[in-house]
Amino acid sequence: MQEKFDALKESAKRELESISSSKFLGELKAKYVGKNGEVTALLRGMKDVPADKRAEFGKMVNDLKVEVSTLFDEKEKQLKDKEMQEKFDSEAVDISLAGKVNKNGSLHPLNIVKNKILDAFCGMGFEVFEGPEIDTDYYCFQALNIPKDHPARDMQDTFYISDNVLLRPHTSPGQVRTMERKQPPIKILSPGRVYRADDDASHSPMFHQIEGLVVDKGVSLCDLKGLLDEFVKIMFDGDTKTRFRPSYFPFTEPSVEVDVTCCKCHGKGCSLCKGTGWIEILGAGVVNKKVLEMSGIDSEVYSGLAFGLGIERITMIKYGISDIRTLFENNVKFLKQFNRR
Ligand code: PHE
């Protein structure tokens with residue numbers, strides 16, 4: 001009998017040794033000490049044991065059951081410990097590794113400059129009004145006193161969709177649309193895309209402008225000068241000077257072009273300013289009375305001033321960019337340089 005018990009214990013030991021995962025432990029335990037297990041079967045054989053040997057036999061079987069169960073408990077603890085250690089090892093974080101840095105996007109240089117321009121003027125009480133990019137001949141030309149034979153209407157400059165509908169070649173129609181809607185006092189900025197059939201290092205068929213319009217009683221060229229002087233100081237550095245040159249636009253009278261002292265050589269003369277010390281940044285003027293009248297504003301009571309600037313041009317001057325096309329190529333290496341406000 002004892003030999004049988006020993007053999008059973010040995011067999012349980014051997015089988016336990018071959019197990020490497022706690023997953024299979026339950027099944028094996030049932031085979032030995034479960035309800036239909038081999039040790040339990042021994043107890044069932046009790047009835048065949050002579051009455052005087054039964055007590056001894058029962059004790060032996062119970063001892064065996066305790067011994068085998070202990071073997072299982074020990075193995076279970078051993079396997080659980082091993083598995084826990086493996087889990088810890090596999091989930092370990094190597095704190096000596098360099099952290100991963102998220103690559104943040106940044107604003108496009110044109111948006112940085114646009115926001116800066118809008119901020120500068122909004123600080124002076126301007127509101128923003130955006131007009132449509134596809135507009136009519138009336139708003140782009142006629143209402144701005146641009147006669148039928150004016151060179152700006154040339155098919156070579158303007159993208160026509162039909163005889164009367166076109167991609168706006170400037171943001172000046174924003175002036176007309178504002179004046180039609182609202183009586184003075186008016187103080188608006190109209191930013192947006194504009195289109196012209198032009199394509200070289202300093203011209204792009206699509207570019208961005210910001211139009212400014214002020215209409216009120218007693219507005220003069222003097223106000224325009226003060227306003228743009230202040231703007232230039234905010235936009236470039238505080239020492240930058242402005243210069244007004246006489247010019248011509250059909251919708252302003254008188255008209256001017258505004259130059260600033262070159263931000264690279266500060267007026268001494270260099271390649272950026274072509275030796276002159278000055279760089280042109282915008283067109284402006286006192287709003288032509290005819291334009292006020294056409295949009296329903298009494299030119300005897302009110303006067304206005306308007307200016308239009310190119311965002312690309314200001315961006316190129318500010319950052320020393322020599323080819324406008326780099327602004328539209330979306331080369332990340334180029335754009336990354338502006339990753340600061
Ligand atoms: N619309 C003009 C241009 O595109 C700029 C301008 C705007 C000039 C307002 C005077 C007044 O060149």
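Note that ligands are numbered from 1 as they come in the structure, with each ligand's atoms numbered from 1 the same way.
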**Student:** Is there at least one pair of N or O atoms, one from His170 and one from ligand 1, spaced under 3.5 Å apart?
**Tutor:**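 For ligand 1, there is an N or O atom that lies under 3.5 Å from one belonging to His170.
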**Student:** Mind checking whether Phe251 contacts ligand 1 via backbone (N, CA, C, O), side chain (CB onward), both or neither, at a 4.0 Å heavy-atom cut-off?
**Tutor:**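 Under 4.0 Å from ligand 1, Phe251 contributes side-chain atoms alone.
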**Student:** Closest approach of Leu224 and Ala306, non-hydrogen atoms and distance?
**Tutor:**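 Taking Leu224 first and Ala306 second, the nearest heavy atoms are CD1-O, 4.1 Å.
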**Student:** Just jot down the ligand 1 atoms closer than 4.0 angstrom to any heavy atom of Ala284, in number order.
**Tutor:**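 Counting from 1, the qualifying ligand atoms are 8 (C), 10 (C), 11 (C).
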**Student:** Could you tell me which non-hydrogen atom of Thr136 sits nearest to which non-hydrogen atom of Leu166, and how far apart they are?
**Tutor:**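 Between these two residues, the closest heavy atoms are C-CD2, 4.2 Å.
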**Student:** Show the atoms of ligand 1 that are less than 4.0 angstrom away from any heavy atom in Glu211.
**Tutor:**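 Here the atoms of ligand 1 in question are 7 (C), 9 (C).
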**Student:** Does the side chain of Leu309 come within less than 4.5 Å of Ile117's, by heavy atoms?
**Tutor:**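 Counting from C-beta outward, Ile117 and Leu309 do come under 4.5 Å.
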**Student:** Specify the protein heavy atom at minimum distance from atom 5 (C) of ligand 1: its residue, its atom name, and the distance to 0.1 Å.
**Tutor:**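 Atom 5 (C) of ligand 1 sits closest to the protein heavy atom Gly308 CA, 4.1 Å.
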**Student:** Quick one: look at Arg168 and ligand 1, take heavy-atom pairs under 4.0 Å, and tell me if it's side chain, backbone, both or neither.
**Tutor:**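 Looking at Arg168 and ligand 1, no heavy atom falls under 4.0 Å.
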**Student:** Which of the atoms in ligand 1, numbered in the order shown and given with their element, are less than 4.0 Å from a heavy-atom of Ser172?
**Tutor:**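 Answer for ligand 1: 1 (N), 7 (C).
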**Student:** Residue-level breakdown please: for Pro169 versus ligand 1, do any non-hydrogen atoms fall below 4.0 Å on the side chain, on the backbone, on both, or on neither?
**Tutor:**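 Neither part.
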**Student:** Which atom names give the shortest non-hydrogen contact between His150 and Pro250, and what distance separates them?
**Tutor:**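 Looks like NE2-CG, 3.6 Å.
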**Student:** Measure across Pro205 and Phe159 and return the closest heavy-atom pair with its distance rounded to 0.1 Å.
**Tutor:**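 Looks like O-CE1, 4.0 Å.
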**Student:** Can you list the ligand 1 atoms lying under 4.0 Å from a non-hydrogen atom of Gln175?
**Tutor:**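 Numbered from 1, ligand 1 contributes 9 (C).
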**Student:** Hey, is the main chain of Cys140 close enough, under 3.5 Å, to the side chain of His170 for a donor-acceptor pair?
**Tutor:**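 Side chain of His170 to backbone of Cys140: a pair is present.
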**Student:** Quick check with a 6.0 Å cut-off and a 45 degree axis cone: is Arg168 positioned over the face of Tyr139's six-membered ring?
**Tutor:**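 Here Arg168 fails the 6.0 Å and 45° test against Tyr139.
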**Student:** At a 4.0 Å threshold, what atoms of ligand 1 neighbour a non-hydrogen atom of Gln209?
**Tutor:**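 The list of qualifying atoms is 3 (C), 4 (O).
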